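Owing to the predicted nature of the structure, the values given are computational and were not obtained by experimental measurement. Proteins come first, then strands; the chains are lettered A, B, ... in the order of their sequence lines, and each starts at number 1.
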Amino acid sequence: MDELDELGNPSVSNSILENLNDSQKEAVSAPLSNMLVIAGAGTGKTRVLVSRIAYLIKHYMIEPRNILAVTFTNKAAGEMRERIGLFVGEFLQRQLWASTFHSICLRLLRAYSKQAGLEPNFTVLDTDSQTTLTKRIMKELNIDVKEFKPSEAVSKICKLKEDGLRADDYIKRGRIFGESQYENMCKIYSAYEKICNDENSVDFSELLLRTVELLESNDEIRALQHRRFKEILVDEFQDTNSIQYKFLRLMAGKNSHVMVVGDDDQSIYGWRGADYTNMHKFLKDFDDVHEILLALNYRSSQKILDMANTLIAENSDRLMEKVLKGNIGQGDDVSILNCSNNNCEASAVVQLIAKLHEAGEKYKDMAILYRNNYLSLGFEQSLSMKHIPFVIYGGQRFFERAEILDTLAYLRLLINENDDTAALRIINVPSRKLGPKVVADLRAIGRERNCSMLQAIRLLEAYSKQEGADKALVSLYKKVTPFYNLILQMKEKKENAPLHELVDYVINASGLHEMYALKDAKEGKTGEENSRVSNLGVLVSNVKEFEASMNAQVAKEATAEEAKDINADNSENTASDGEITSTALEDPLLTYLSNITLVSTSELDEDGSSSTECDAVNMMTIHSSKGLEFKHVFLVGFENTILPSQRSVDIGSDKSISEERRLAYVGITRAKEDLYISYAQNRSMFGNIVTTGASQFLRQIVRSYNEVKKEDRPFKIIPIASQRY
DNA sequence: ATGTTCCTTCTTTTT
DNA sequence: GAAGGAACAT
């Protein structure tokens, strides 16, 4: 290649386009325009996205700071940044925004908190606090939390926010035909909104909604974003919900271009609002959309792809029919294991794993995928019995553990003393003899004076020093004094010590350490890897890690500032959005807490450590396997009532079954070389034995090969009889 | 205020 | 079958 660019230098774009196929090249090197890339499973979607960004920077000379890349998970954002760094170097990579919808909104809201109607130190409400808060509201409104579950109310609030409806809008809208709990929801939502505002906190959907409202109402801020973000790229576009779509439309200006990449066949989050028809809408709402299809699969053998193609062809609501074509050969037959019950399914799978390992395969190249978390149990036991190492992804998450949430509640209170939700969580944890009575008294004062519990205590402090103070109030103050002093001491520590010392102090001074040590001891877990005390330790080291990365970032930002000064001539919008980049000036605790709520999982698995390096069999739900690939895949519990789930069958709509079928499709397309699909005729579930049998999806696949000679089918069915191992 | 026992519930999950 | 929550007793 001796192509030269306009300046007569060898073209840098060649190295970016190297090793891409024609349609990938077309996407990466397309002219600056709006683009919809439909990328089937394993067709190099992320690669195209990363290469496109590199191409924008190196070929079109777009400044990294004018590029916004949106992903769904922090993990995906991190990977993307890393891979872009390989192309354009770390210095340029650091200037571009690559993060999740929620992180972007958080950043914008911090920068424009005043315009968005928030105090700058607002906190992000995690799911647990959100449910607790809602429960509290429902109890105060005398709504039966058995009949109408707080979690249902929470998801309703989320849905309403996703539709852009505030409590007032919801009340104005009135009840929709067939809508249950409308009157209750009106009350709950109004109260919820008020408390969040009073407590200066926002939940996840609020991050999006508030940003959308800000951009809609503030022409200046919107124009600023338009000037800044010339190129916007979105990964996993089939997973966007309506408010995220709205956000994208608002962020894109007349002269910006948006490139979205997605696969409607892999849309498996419809149940939480994702709407893959946004891909369709995109074509209508954005001008001159350049459409590109990636169908060449680099991941799986043809027989695996044939199974996947046959399955997904049954879906009638696809936006586009895609037939995945592989380029790594036919491969082996897919094995379908017909097991008589779940126990022999587990032993058969484990035996196969052992056999593969004996043949020299690595455990970490194998994965067991299942529809529901509880299905992992039998496989865990069988693997343990054979002393085969395994890692379970998902399950209970580190930042959702009680001991961690307790610690975080103390920390949140130090940042934002309006946060009654946090205060209520820990005022009596560990026990300080501050029961419901004391709490009710404090909240009564709070209501009267329109302030939070902590501020109520402060008022009490001043009041009880007065002559002739009310005895009941003085005794109330005496009761809460130790707690109040504890918080004051923590605040002092916060000012005078590094973050990790503060966290360590909070854990010990609060008595949480002692309390959880006792609990561990009772369960005989002292010193164990997963004990509560060790989790608290992990939290402290996580804070240390965060501090270290913050310090590194501050150093880098300083050099970046210098560089900016040097190129000051090209600074049309340097000053105008400078405030967004100044994360370094923020309170480190505030930054840490926001990060925690937005980042939480994935990097830290259930041990709280990043244990990716060891050779162990991977176990996870099909949902969490999206985007991953493994040499050998065991797709287990491929049964009626499980996949498709009973609930989706009960709903009875094509839509709900289609999503389950896509889920099965995602599972199948994770496999590179070997795919084993297993099902049991009988399964013991929740204590009793249920007859399940092969999934309707499997029967459909098999049926469609009825006319094909056995040796030409892409699969073989192997009966596994009940026997003892 | 707290410890005990019974009863319910039981997708998928990121942010 | 296990875990978390609510009602009940201490």
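By the 6.0 Å and 45° rule, Arg647(A) does not stack over the aromatic ring of Trp271(A). A cation-pi arrangement, defined by a distance under 6.0 Å to the six-membered ring centre and an angle within 45 degrees of its axis, is present between Arg110(A) and Phe122(A).
Both Lys146(A) and Ile622(A) sit near DNA chain B, but only Lys146(A) has its closest nucleotide nearer the 5' end. Position along DNA chain B of the nearest nucleotide to Ser648(A) versus Asn428(A) favours Asn428(A) as the more 5'-ward residue.
Taking the six-membered ring where the residue is Trp, Tyr245(A) and Phe237(A) present tilted rings, their angle falling between 30° and 60°. Ring planes of Phe229(A) and Trp97(A): tilted class, angle from 30 to 60°.
The interatomic distance linking Lys479(A) (NZ) with dA1(B) (C1') rounds to 11 Å, in whole Å. dT8(B) atom P lies 14 Å from atom CG of Asp144(A), rounded to whole Å. Leu207(A) places its CG atom 17 Å from the P atom of dT14(B), with the value rounded to the nearest Å. Atom CZ in Arg683(A) sits about 15 Å away from atom P in dG1(C), given to the nearest Å. A straight line from CD of Glu152(A) to C1' of dC10(B) spans 14 Å, rounded to a whole angstrom. The interatomic distance linking Tyr374(A) (OH) with dT11(B) (C1') rounds to 8 Å, in whole Å. Look at NZ on Lys135(A): it is 12 Å from P on dG4(C), rounded to the nearest Å. We find that CG of Asn74(A) is positioned 14 Å from C1' of dT13(B), with the value rounded to whole Å.
Contact of Thr127(A) with dT15(B) (side chain to base): a donor-acceptor pair of N or O atoms is detected under 3.5 Å. Residue side chain Arg371(A) reaches the base of dT12(B) through a donor-acceptor N/O pair under 3.5 Å, judged by distance alone.
Screening Thr407(A), Asp126(A), Thr123(A) for a side chain to side chain donor-acceptor pair (under 3.5 Å) involving Arg412(A) leaves a single residue, Asp126(A).
For dT12(B), the base is anti relative to its sugar; the glycosidic angle deviates from 0 by more than 90°.
Under 4.0 angstrom from either OP1 or OP2 of dT13(B) there lies at least one side-chain N or O belonging to Thr621(A). Between Lys149(A) and dC10(B), a side-chain N or O to OP1/OP2 separation shorter than 4.0 Å is present. OP1 or OP2 of dT12(B) has at least one side-chain nitrogen or oxygen of Asn373(A) nearer than 4.0 Å. For the OP1/OP2 pair of dT14(B) and a distance below 4.0 Å, the side-chain nitrogens and oxygens of Asn241(A) include no atom meeting the criterion.
Here the two rings, on Tyr370(A) and Phe634(A), have centers that are 6.0 Å apart or farther.
Using a 4.0 Å heavy-atom distance criterion, Glu660(A) is classed as a base contact. At a threshold of 4.0 angstrom between heavy atoms, the contacts of Leu434(A) are confined to the sugar-phosphate backbone, with no base atom among them. Using a 4.0 Å heavy-atom distance criterion, Asp239(A) is classed as making no nucleic acid contact.
You'll find the side chain of Asn184(A) stays beyond 4.5 Å of the side chain of Leu141(A), heavy atoms only.
A heavy atom closer than 4.0 Å to some atom of DNA chain B occurs in no member of residues 662-670 of chain A.
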Q: Go through the steps for Lys479(A) and Arg432(A) under the test side chain to side chain contact (heavy atoms under 4.5 Å, CB included), then give the verdict.
A: CA-CA 9 Å; Lys479(A) 276 190 198 150; Arg432(A) 302 188 175 88; over 6 Å; no
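Under the stacking definition used here (centres under 5.5 Å, planes under 30°), the residue Trp271(A) qualifies as stacked on the base of dT12(B).
Nearest nucleotide to the Arg272(A) side chain, out of dT13(B), dC10(B), dT11(B): dT13(B).
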